[in-house]
Amino acid sequence: MIREHRSREKLESYYEKFTEEGILDPNVHPWVAASWQQSRALGVPREKMSTEKRFSPEEFHRLQAKHEDAIAYLMKLSEGIREFFQEYNLSLLLIDADCVVLKSYSLPFYQMTPGEIEGARVGVEEVGTSSISVAYEHQTPFWMFGPEMWVKECQLGDACTAPVKINGECQYLITLVSMEQIELPQDAVISLLLTMKTALEAHLTESVRIKAEEAILDATPFAVYHVLPGGEVAYTNQLGKERLTRIGAKQEHETGRRLNLNDVILNYEHTPIYKGFRGVPSYNKEVTWITTAKTYEDITTVVPLERDEEQAVKSVVVVSMPIEDLRTLVAHAAGYTAKYSLQSMVGSGASFQSVREKAARVARNKHHVLIQGEAGTGKQRMAHGIHQASPRAAGPLISLRCGDATPELLEQELFGIVLNQDVSHQGRLELASGGTLFLDEIEKMPKQIAEELAQALMTGKTHRIGEKNVERTIDVRIIAACDSDLKRLTERGLFSKALYDIISKSVIRVPSLRSRREDIPELARHIVSELAEQHQMEPKTLADETIGVLEKYDWPGNIKQLQSVLEYAFFNTKAPVIGPDDISLMGDVKPDNKWKEDKDVFVKAWQAAGGNVSRLANLLNVSRVTLYRYLKKYHLEKK
């Protein structure tokens, strides 16, 4: 890097000898000699430096904005050494990796940079041999004496250039140029240049790291805050800024001071942040934040950071997630999303097409929905399709079967429960906030619970069992399914009128399979194809005679029963074609089963017949009188 001082007269003679006669003196530095040859081959003018290859003012402004960090940092570095620049009439240049001058830090009141150099390209193709081109070519700092420069007007002073590397790649070049033929303290200039190079590299490397960390923090679903004593926010990620703005917090550029949580959090002194400054950490704690705009609930972690000499906590890091966001995240992770679309519901008959079109219209409005139809008609799939076609499709789809639990457990599942100060569980109603809650068999919901649900839906507020003093905001759409006539149950006083009035704004009646026989062939083939795909088995087809058998049957269990029958045939038929003899309308229940001794077998047959005694008598090939005896024995209700 530091080169032995050379006689300017000799260097000038080497230059003239090469440019006039094409002869290279062996005393010319090999890197300079190679660059001279390249400059000559490129036909670079020797008298004056060309600045014609330059950006337009608009393009250059955008380029400077892109490199604003490096430009500003080098400006700060150069401010403290202006006197040194002035003493030796030095100009400092910042150049990008394409050899475009981004900034000239010369001082206009005592010196001028040759030409309008900012925005111009100064590579070997434009200006020939220079310390810039040699340092760029060999990716190492290089000192060049004036007479070694290709352009004569640049030969007045010496120059030194150093590449600035980030992660091993050259990002910038910084150059110190002497404007006069004065003897320079070479070691001092080089030391200064290397110091600036190292400082800029360190700064830019740190900037890259910080930007990466900020990008990571902005991409997380958590609000992150760095809080100083007294509630002053030193840093927050993008989500944190958005949340603070929503509760009325003014940004720093609006007030001229940092945001203080004491200004917006009314219960700040009762939060884990306040305790954090006393050295008490909190991990994944459910916290209520009271603001003038709204009361929020978060899952919050607070970590105390460094302490001073008196062991006082100097700052804390806060990581929080709104419970609404957490519910949505958990719901998606747990698969609480729609598995079916309305388009996936098979059926081209006029009656079913009309129902599907109505479901698509209903999906787009904001009303709660009541789906009515016999058991097994596909009400659950219809609910999935409505949710997916609705504006709430991005939210969770939570399901709750009302007939699967005791009233006490159903209430806990629906509203959640507080067991003690530290253990509290949200209910399905909270978990579905922002999305849809599908209530199957809603007719089995106890009237008292239905009244509580109606009140929660009307007010948009709910509370967990055992937590009367805390109200939680909900935003839920109900899709309810009922096998029976819910209106008649309501008129008889067996179901809550308040809840019925809420969920019956949009009613969809799914037809039974026997009323849409025209769809049976399409449904059957779809089921068989779906079974082959799901279980990665060879596809099978249904014989025309088999389709005929399926079309003639009444299907008391509707599509669910059709699915069961075809599953049994699919897995128990070795041939690629399922024939009529392969079909058992009772699935895996056959007349030779020991249904007389085994209640489970009899119940399966009873369910397959849809609770119809005549149909079951035909299936089992026995008399109705015999069946009545077994119905009484097994305590089953005849139809």
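Start at 1 with the first residue, then count along the sequence.
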Does Tyr235 have any ring pair (Phe, Tyr, Trp, His ring centres under 6.0 Å) partners at least two apart in sequence or in another chain, and if so, which?
-> none
Could you tell me which residues satisfy side-chain contact (heavy atoms from CB on, under 4.5 Å) with [X], sequence neighbours excluded, listed by chain and number?
X      : value
Arg243 : Ala223, Tyr225, Leu239, Arg246, Tyr296, Asp298, Ser320, Pro322
Lys211 : none
Pro281 : Tyr283, Pro304
Leu489 : Glu443, Ser484, Leu486, Arg492, Leu494, Phe495

More than 12 foreign heavy atoms under 6.0 Å from CD of Gln448: is that the case here?
-> no
More than 12 non-hydrogen atoms from neighbouring residues, nucleotides or ligands closer than 6.0 Å to CZ on Arg488, yes or no?
->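 Counting neighbours around CZ of Arg488, 12 or fewer heavy atoms of other residues, nucleotides or ligands fall under 6.0 Å, so no.
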Listed once per pair and sorted, the salt bridge (charged side-chain N to carboxylate O under 4.0 Å, His left out) pairs that draw on residues 553-576, sequence neighbours left out = Arg517-Asp554, Asp554-Arg615
All pairs passing salt bridge (charged side-chain N to carboxylate O under 4.0 Å, His left out) where residues 529-553 contributes a residue, at least two apart =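 Found none.
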Please, which pairs that meet side chain to side chain donor-acceptor pair (under 3.5 Å) have at least one residue in residues 493-502, sequence neighbours excluded?
-> Glu451-Ser496, Lys497-Asp501
Contact list for residues 346-359, test side chain to side chain donor-acceptor pair (under 3.5 Å), sequence neighbours left out | Ser348-Glu522
Distance check, rounded to the nearest 0.5 Å: [X] atom [atom1] versus [Y] atom [atom2]?
X      : Y      : atom1 : atom2 : value
Ile578 : Ile583 : CD1   : CD1   : 6.0 Å
Tyr553 : Leu562 : OH    : CG    : 10.5 Å
Asp582 : Asn572 : CG    : CG    : 9.0 Å
Asp404 : Leu409 : CG    : CG    : 11.0 Å
Ile559 : Ile527 : CD1   : CD1   : 7.0 Å
Leu439 : Ile398 : CG    : CD1   : 11.5 Å

Check the pair His535, Phe571 against ring-ring contact (aromatic ring centres under 6.0 Å, His included), reporting the backbone distance first and the verdict last.
-> CA-CA 10 Å; His535 298 279; Phe571 292 115; 5.1 Å; yes
Listed partners of [X] passing salt bridge (charged side-chain N to carboxylate O under 4.0 Å, His left out), at least two apart:
X      : answer
Arg629 : none
Glu467 : Arg472
Glu374 : Arg514

Search all heavy atoms of [X] against all heavy atoms of [Y] and return the closest pair with its distance.
X      : Y      : result
Leu370 : Cys482 : CD1-CB, 4.3 Å
Asn365 : Ser506 : ND2-OG, 3.7 Å
Gly493 : Lys447 : O-NZ, 3.3 Å
Asn237 : Val224 : OD1-N, 3.0 Å
Val418 : Gly466 : CB-O, 4.3 Å
Ala532 : Pro539 : CB-CA, 3.8 Å

Heavy-atom side-chain proximity of [X] to [Y] below 4.5 angstrom:
X      : Y      : answer
Leu453 : Thr462 : no
Thr271 : Leu261 : no
Ile265 : Ile273 : no
Ile299 : Glu286 : yes
Met382 : Ile386 : yes
Val476 : Leu429 : yes
Val510 : Asn558 : no
Thr245 : Glu242 : no

Is it the case that the side chain of [X] and the backbone of [Y] share a donor-acceptor pair, with hydrogens and angles ignored and the cut-off at 3.5 Å?
X      : Y      : value
Lys379 : Asp483 : no
Trp555 : Leu550 : yes
Ser282 : Thr301 : no
Asp475 : Ser433 : no
Ser529 : Arg525 : no
Arg364 : Pro391 : no
His368 : Ile502 : no
Ser390 : His387 : yes

Test side-chain contact (heavy atoms from CB on, under 4.5 Å) on Thr473 and Lys461 and set out the steps.
-> CA-CA 5 Å; Thr473 302; Lys461 305 282 187 180; 3.2 Å; yes
Go through Val227 and Val302 one step at a time and tell me if the side-chain contact (heavy atoms from CB on, under 4.5 Å) criterion holds.
-> CA-CA 10 Å; Val227 184; Val302 177; over 6 Å; no
Report the C-alpha separation of Phe438 and Asp440 in whole Å, then their side-chain angles, then the decisive distance to 0.1 Å, and conclude whether the side-chain contact (heavy atoms from CB on, under 4.5 Å) test is met.
-> CA-CA 6 Å; Phe438 173 53; Asp440 201 5; 3.9 Å; yes
Steps toward side-chain contact (heavy atoms from CB on, under 4.5 Å) verdict (Leu531, Met537) | CA-CA 8 Å; Leu531 286 169; Met537 297 176 65; over 6 Å; no
